[in-house]
Asker: 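I have a structure here, written as structure tokens, and I will follow up with some questions on it.
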2 protein chains.
Amino acid sequence: MSGIVDLAASVGVSPATVSRALRGLPGVSDSTREAVRAAAVRMGYVASPSASALPTGRTNAIGVLVPWISRWFFTTLVDGAQKVVSEAGYDMLLYPVGIASGKPHRIDTRVLSKRVDGLLALSVHPIPEEQAELRRFRSPVVTVGPVTAGVHSVNIDDVFAGRDAAEHLISLGHTRIAFAGGDPADKFGFPVAPDRYTGICNALLAHGITPDPRLQVPAEFVVGAGHLAFDRLWDLPERPTAIIAASDEIAMGVLYRAHLRGVRVPEDCSVMGFDGHDMSYLFGLTTISQPVREQGRVAAALLIEMMASSAAQEPQSITMPTQLVVRSTTGPA
Amino acid sequence: MSGIVDLAASVGVSPATVSRALRGLPGVSDSTREAVRAAAVRMGYVASPSASALPTGRTNAIGVLVPWISRWFFTTLVDGAQKVVSEAGYDMLLYPVGIASGKPHRIDTRVLSKRVDGLLALSVHPIPEEQAELRRFRSPVVTVGPVTAGVHSVNIDDVFAGRDAAEHLISLGHTRIAFAGGDPADKFGFPVAPDRYTGICNALLAHGITPDPRLQVPAEFVVGAGHLAFDRLWDLPERPTAIIAASDEIAMGVLYRAHLRGVRVPEDCSVMGFDGHDMSYLFGLTTISQPVREQGRVAAALLIEMMASSAAQEPQSITMPTQLVVRSTTGPA
DNA sequence: CTGTTAGCGCCTTCAG
DNA sequence: CTGAAGGCGCTAACAG
């Protein structure tokens, strides 16, 4: 375990010079710098991040707050961010947050701010405690998903996306359009599914169709939730002619269950989802796709830019476009 | 940003006492400990990891080397490991490794060993440089997947799994059994797909069937690779009656392509995969399932146990069971 | 261009 | 049970 002192001694310079040489700081002659570099490689020396974090106050790492790392949406965001982060020379700390256990993010600003130079918070819940905690964070913060006032964010327009989905079905002649999504037990007001539903309702109303509340059934963002949602909708006295699921994963569950019950898609019922899941094409699923990996990249890039320029910027909200992808699960009413 | 000195002053004790009190070390009176704790909470004090890493040499973090975070297998491993890691109070650093770019792991032992107390290496390639680097690592290392001599590992028996898959098809009367997997361009000898194929061949031979090399077509571990693989197999003069894909994802691609070309599964051709992907049931996919999340948990637990007990243990290899899951994509020949 | 001198914030002997 | 002193490995301000 050679330290900076050993290296300095072996080259015949002071530790300070080694530090300057290796970090590319000015004020070192080319020959000295080269000698130091060569010796560092030869001895396998790398500065200890912990040790240099002390005087500089910079850890050279960013933290990522993730609710469910195993869900496609988050995995893909992290994947997008990771490339940018590692290319910028930062390490990435992954922090699970407690939504999975029915509780919202548990952001412990104190430890975190001593561990990382910046924070990427995915799908932050719009509850005051959580948002306040995020704003209290001393280093730059970027969120992906629901907007937190005073914090930079990358997102899509869920209301618009919902409208687009409904417009597609309406143009196919559907009027009894159901929605599978939203969680009545959610005490934290996570807005994604509700926003998408709002967009749907807006579109219906704009076409003179009154939204039927019975056609809205709850569903978490998992495949399994689609099974139950389909059953509830299909057992209704007046069935829908089309189902919009709050995510592609839910839609996949809907399709599965429909198939099992002998319901033909799209002849008996159209189905569509949101997100543009990598596998949705396997099901021929019509969807409102969003650039998930790209959002991860953009958020990470913004974060890194903020960390570089210490000047505090006006919080900005970057909204990325969504796109209707028509496949074979939607058809005429 | 209150430090340990401020806290100590506010309680009226020395920094040393604060340190002992907060870390639960013996030699502090209950009353003092409580007073310190209360003050810490009140002032929002948490010890800086960087600062305490310096004297102790422990960073309180573990590193995870991941080739492709967005692939289901790795995501699920990380998910399993994460719970264990965070519950043990460690932070998790995610390191992308360069396999994606056609290069093997680039393990920079030097930085890493100053950043983390332990390493979880997923799907390490069996090339000497990489394995040597892993063994050189000073802190505990656990791998998941291919075994590295001298390093603890968690894995499954891929040869056995392959044999099981083939046995299932043979028992259904199949003799022309194809395999979609393996990468001829792989210069690093990643053994998973080859091992599975070896198991298949063993089973065939045990039943007096000579493996036909033309029935083995390459496929990376992605859905898209299944398309091409199916086409190549189905355009053969003598078609197979069953296809074993090296992973469920490849199998999904095979199914998609088969469906597109009007090939009925399993009437015209049986299809099965490996891994037990969360979504494989949606396709009725028969598979050899492995406990992926559990492997992540077990590997993380082993790693943490090693970090706790400084005593070096004999490297062990934990092999987890696989299981045939019969669904509807396999049937009589 | 380079070395010297102080810390960064915490932990850990060793006294008391 | 508690405090004082020294050091972990590196960086930063100041000399030279």
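Letters go in sequence order (proteins before strands), and every chain restarts at 1.
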Asker: Just to be sure I understand the rule, does T32(A) reach a base, reach only the sugar-phosphate, or reach nothing, if contact means heavy atoms closer than 4.0 Å?
Answerer: sugar-phosphate

Asker: Can you confirm whether P49(B) sits close enough to K114(A) that some side-chain heavy atom of one is under 4.5 Å from a side-chain heavy atom of the other?
Answerer: yes

Asker: Measure the shortest side-chain to side-chain distance between L303(B) and H152(B) over non-hydrogen atoms and say whether it is less than 4.5 angstrom.
Answerer: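 Counting from C-beta outward, L303(B) and H152(B) never come under 4.5 Å.
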
Asker: Within a strict 4.5 Å, meaning less than it, do heavy atoms of the D117(B) and I62(B) side chains meet?
Answerer: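 When only atoms from C-beta onward are counted, I62(B) and D117(B) do not touch, as no gap falls below 4.5 Å.
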
Asker: May I ask you to say what G3(A) touches in the nucleic acid, namely base, sugar-phosphate or nothing, with a heavy-atom cut-off under 4.0 Å?
Answerer: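 Result for G3(A) = sugar-phosphate.
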
Asker: Find the distance Y45(B):OH to dG9(C):P and express it as a whole number of Å.
Answerer: 10 Å

Asker: What is the distance, to the nearest angstrom, from the CD1 atom on I4(A) to the P atom on dG7(D)?
Answerer: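 In whole Å, dG7(D) P lies 19 Å from I4(A) CD1.
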
Asker: Rounded to the nearest Å, what distance is computed from the CG atom of residue L22(A) to the C1' atom of nucleotide dC10(D)?
Answerer: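 Whole-Å distance recorded here is 12 Å.
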
Asker: Identify the pairs formed between an N or O of the protein and an N or O of nucleotides 12-16 of chain C at a distance under 3.5 Å, and give each distance.
Answerer:
unit_1: dT12(C); atom_1: OP2; unit_2: R23(B); atom_2: NH1; d: 3.1
unit_1: dT12(C); atom_1: OP2; unit_2: R23(B); atom_2: NH2; d: 3.1

Asker: In whole Å, I'd like the distance from the CG atom of L7(B) to the P atom of dC11(C).
Answerer: 12 Å

Asker: Figure out the CG/C1' separation between L54(B) and dG7(C), and round it to whole Å.
Answerer: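 Atom CG in L54(B) sits about 12 Å away from atom C1' in dG7(C).
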
Asker: Y90(B) versus V116(B): any side-chain heavy-atom pair under 4.5 Å?
Answerer: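 A side-chain contact is absent here, since even the closest heavy-atom pair is not under 4.5 Å.
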
Asker: Is any side-chain heavy atom of T148(A) less than 4.5 Å from a side-chain heavy atom of P126(A)?
Answerer: no

Asker: In whole Å, what is the span from the CZ atom of R115(B) to the C1' atom of dG9(D)?
Answerer: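 Rounding to the nearest Å, CZ of R115(B) and C1' of dG9(D) are 14 Å apart.
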
Asker: Give me the one residue out of D79(B), D278(B), T76(B), T75(B) that meets side-chain hydrogen bond (donor to acceptor under 3.5 Å, both in side chains) with R293(B).
Answerer: D79(B)

Asker: On DNA chain D, check which nucleotide each of T17(B) and A51(B) is closest to and give me the residue with the more 5' one.
Answerer: T17(B)

Asker: Which heavy atom of I4(B) sits nearest to which heavy atom of P15(B), and what is that distance?
Answerer: CD1-O, 3.6 Å

Asker: Would you mind telling me which residue lines up with the more 5' stretch of DNA chain D, V13(B) or S52(A), judged by nearest nucleotide?
Answerer: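 On the 5' side of the pair lies V13(B).
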
Asker: Find the distance D30(A):CG to dC1(C):P and express it as a whole number of Å.
Answerer: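 From D30(A) CG to dC1(C) P: 8 Å.
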
Asker: In whole angstrom, give the distance that lies between atom NZ of K114(B) and atom C1' of dC10(D).
Answerer: 10 Å

